[in-house]
Amino acid sequence: QADFLLYWKETARKGDTAMKRHDLHLHTALSLCARETAAVPGYLEQARKLGMDTIGFSNHVWDSRVTLPGPNPWYEAQSVERAMEIRKTVPTDTGGIRVLIGVETEFAQGVLGLSEEAAVGLDYVLIPHSHIHMTDFVCPHEVSEPAEIARHMAGTFRDLVTRGTAAIRDSGTPVIVAHPFCPVARDGAGQLTAIFAHLSDGLFEDLFGRAAEQDVGIEINLNVFHGNPGASLYEDTYYRMFAAAKRMGCRFSIGSDSHAVEELDRIRQDEEVIRRSGLEDGDFIDLVRL
């Protein structure tokens, strides 16, 4: 761990353009999918142990001012008001760790679950396009084959970064695509390889070029790597994807997607993932730079 922390101290000395050691994708118990013990004080304590500079809380929301595209009891319970209760739990003394408040909303059937009004005052907004386990909400139930899943995710990514985020971007709040092209509940090695076989470098360059044009950030989601960021599976999937995004000028953030305090330990994978992705300090969004 000493060598690991030394790497980040050396990085921090590089000057004003250095990336902060950060995690912008933490869930507390205000997200219905997180553990009841997931709370700000515990995350802060663990972040200090890990030598982190910045953490961001991104609980799930669907803004009641935005009509749901069909019934979804889970998101009906995830109001903006509920998510903003997080502010009451952040202590005045955070031990030198910068705490950011964002949300993770949804992009379902072309509808973004957050209004421009709600976005104002947030530090950032995470928006996934790949929650395909939410059938007939995010993804039609008939989409099941690898080629169909690839085509669906490509379409939702394109719509999200061009049309879906326009109002939020206009509000001045940074927008980041959460776990891009991570087909939730379809991420077995065989399925992932089959899906990515239908996602060419040319397609990625087109899609990520659109993201870069709109200044939409791209999340490196450490949960995707399942504790083994050097696995050969990722060479032809996510590292290939991140390389295309970098070529097109995208900016990145890191997220552990923690739903429990102990899951913040995933951040230990970030050095390996950053190195294998060929990313440098200047490739990260301004929000996480010194």
Side-chain angles (χ1 to χ4, degrees), residues 24-25 27 30-34 56-84 86 101-144 148-186 195 203 206-208 210-219 221 253 255 257:
L24 299 188
H25 199 154
H27 292 279
L30 293 171
S31 287
L32 296 176
C33 50
F57 293 98
S58 314
N59 286 305
H60 290 284
V61 301
W62 188 280
D63 191 345
S64 61
R65 285 164 286 207
V66 179
T67 303
L68 279 161
N72 191 293
W74 194 85
Y75 263 119
E76 287 172 2
Q78 293 280 186
S79 67
V80 171
E81 293 74 20
R82 176 185 173 91
M84 289 304 98
I86 190 77
I101 304 298
V103 296
E104 180 178 4
T105 191
E106 199 66 65
F107 187 62
Q109 299 176 49
V111 178
L112 186 66
L114 191 71
S115 66
E116 182 179 358
E117 181 180 356
V120 174
L122 292 173
D123 292 310
Y124 61 93
V125 177
L126 295 182
I127 311 171
H129 71 111
S130 54
H131 278 159
I132 64 170
H133 64 301
M134 294 184 174
T135 54
D136 292 330
F137 182 62
V138 170
C139 184
H141 72 275
E142 62 268 19
V143 173
S144 60
E148 297 169 337
I149 293 171
R151 185 164 51 249
H152 173 77
M153 289 195 298
T156 54
F157 184 95
R158 182 183 296 108
D159 289 347
L160 172 60
V161 301
T162 55
R163 179 177 54 83
T165 60
I168 306 302
R169 287 186 276 107
D170 288 346
S171 76
T173 303
V175 173
I176 303 165
V177 179
H179 42 74
F181 293 92
C182 175
V184 178
R186 302 292 181 92
I195 291 167
L203 177 59
D206 173 65
L207 295 173
F208 287 111
R210 295 170 188 262
E213 287 174 4
Q214 302 301 331
D215 199 24
V216 173
I218 302 300
E219 180 188 72
N221 190 293
S253 69
D257 209 346

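Hydrogens, waters and symmetry mates play no part in the numbers below; they use all other heavy atoms, side chains included. Numbers for residues simply follow the sequence, beginning at 1.
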Could you check whether atom CG of D215 has more than 12 heavy atoms from other residues, nucleotides or ligands sitting under 6.0 Å from it? no
Would you compute the distance between atom CG of N59 and atom SG of C33 and round it to the nearest 0.5 angstrom? 8.0 Å
Applying side chain to side chain donor-acceptor pair (under 3.5 Å) to D206 and not counting sequence neighbours gives R210
F107 side chain reached by T165 side chain, heavy atoms, under 4.5 Å: no
By side chain to side chain donor-acceptor pair (under 3.5 Å), which residues pair with S115, not counting sequence neighbours? D63
Taking only residues two or more places apart in sequence or in another chain, which ones pass side chain to side chain donor-acceptor pair (under 3.5 Å) with D159? none
Check: E104 and H27 side chains under 4.5 Å, non-hydrogen atoms: yes
Measure the CE-CD1 distance between M84 and I101 for me, rounded to the nearest 0.5 Å. 6.5 Å
Check whether any side-chain N or O of W74 sits under 3.5 Å from a backbone N or O of Q78 as a donor-acceptor pair, and report yes or no. no
Value rounded to 0.5 Å, distance of CG in L160 from OG1 in T162: 8.0 Å
Contacts of H129 meeting ring pair (Phe, Tyr, Trp, His ring centres under 6.0 Å) (sequence neighbours excluded), chain-then-number -> F157, F181
So which atom in A154 and which in L207 form the shortest heavy-atom distance, rounded to 0.1 Å? O-CD2, 3.7 Å
How about V103 and V80: do any of their side-chain heavy atoms sit closer than 4.5 Å? no
Heavy-atom side-chain proximity of P183 to I195 below 4.5 angstrom: yes
Yes or no on side-chain contact (heavy atoms from CB on, under 4.5 Å) for L112 and V66, after CA distance, side-chain angles and deciding distance? CA-CA 8 Å; L112 186 66; V66 179; over 6 Å; no
Are any side-chain N or O atoms of S130 and backbone N or O atoms of P180, one a donor and one an acceptor, separated by less than 3.5 Å? no
Parallel, tilted or perpendicular: rings of H179 and H131 (30°, 60°): tilted
Are side-chain heavy atoms of W62 and N72 found at a separation under 4.5 Å? no
Can any side-chain N or O of T135 pair as donor or acceptor with the backbone N or O of H141 at less than 3.5 Å? no
Spell out, as yes or no, whether a donor-acceptor pair under 3.5 Å connects the side chain of R158 to the backbone of R163. no
Rounded distance [0.5 Å steps], CG in N221 versus CG in D257: 4.5 Å
How many angstroms lie between CG in L114 and CD in E106, if you round to the nearest 0.5 Å? 12.0 Å
Could you note down all residue pairs passing salt bridge (charged side-chain N to carboxylate O under 4.0 Å, His left out) where residues 128-138 supplies at least one of them, sequence neighbours left out? none
Okay, side chain of S31, backbone of H60: is any donor-acceptor separation there less than 3.5 Å? yes
Has T173 got a side-chain atom pairing as donor or acceptor with A119's backbone, closer than 3.5 angstrom? yes
Nearest heavy atoms of G56 and Y124, plus distance in Å: C-OH, 3.0 Å
Spacing of OG belonging to S144 relative to CD1 belonging to I132, to within rounding of 0.5 Å: 9.5 Å
Tell me the closest heavy-atom pair linking Q109 and P69, and the distance in Å. NE2-O, 3.1 Å
Could you tell me whether the side chain of V138 reaches within less than 4.5 Å of the side chain of V184, counting heavy atoms only? no
Is any side-chain heavy atom of E219 closer than 4.5 Å to a side-chain heavy atom of L24? no
Any idea which heavy atoms bring I176 and S253 closest together, and the distance? CG2-OG, 3.5 Å
Show me the pairs that pass salt bridge (charged side-chain N to carboxylate O under 4.0 Å, His left out) and involve residues 71-82, at least two apart or across chains. none
Using a 3.5 Å distance criterion without hydrogens, assess whether the side chain of Y75 forms a donor-acceptor pair with backbone atoms of G113. no
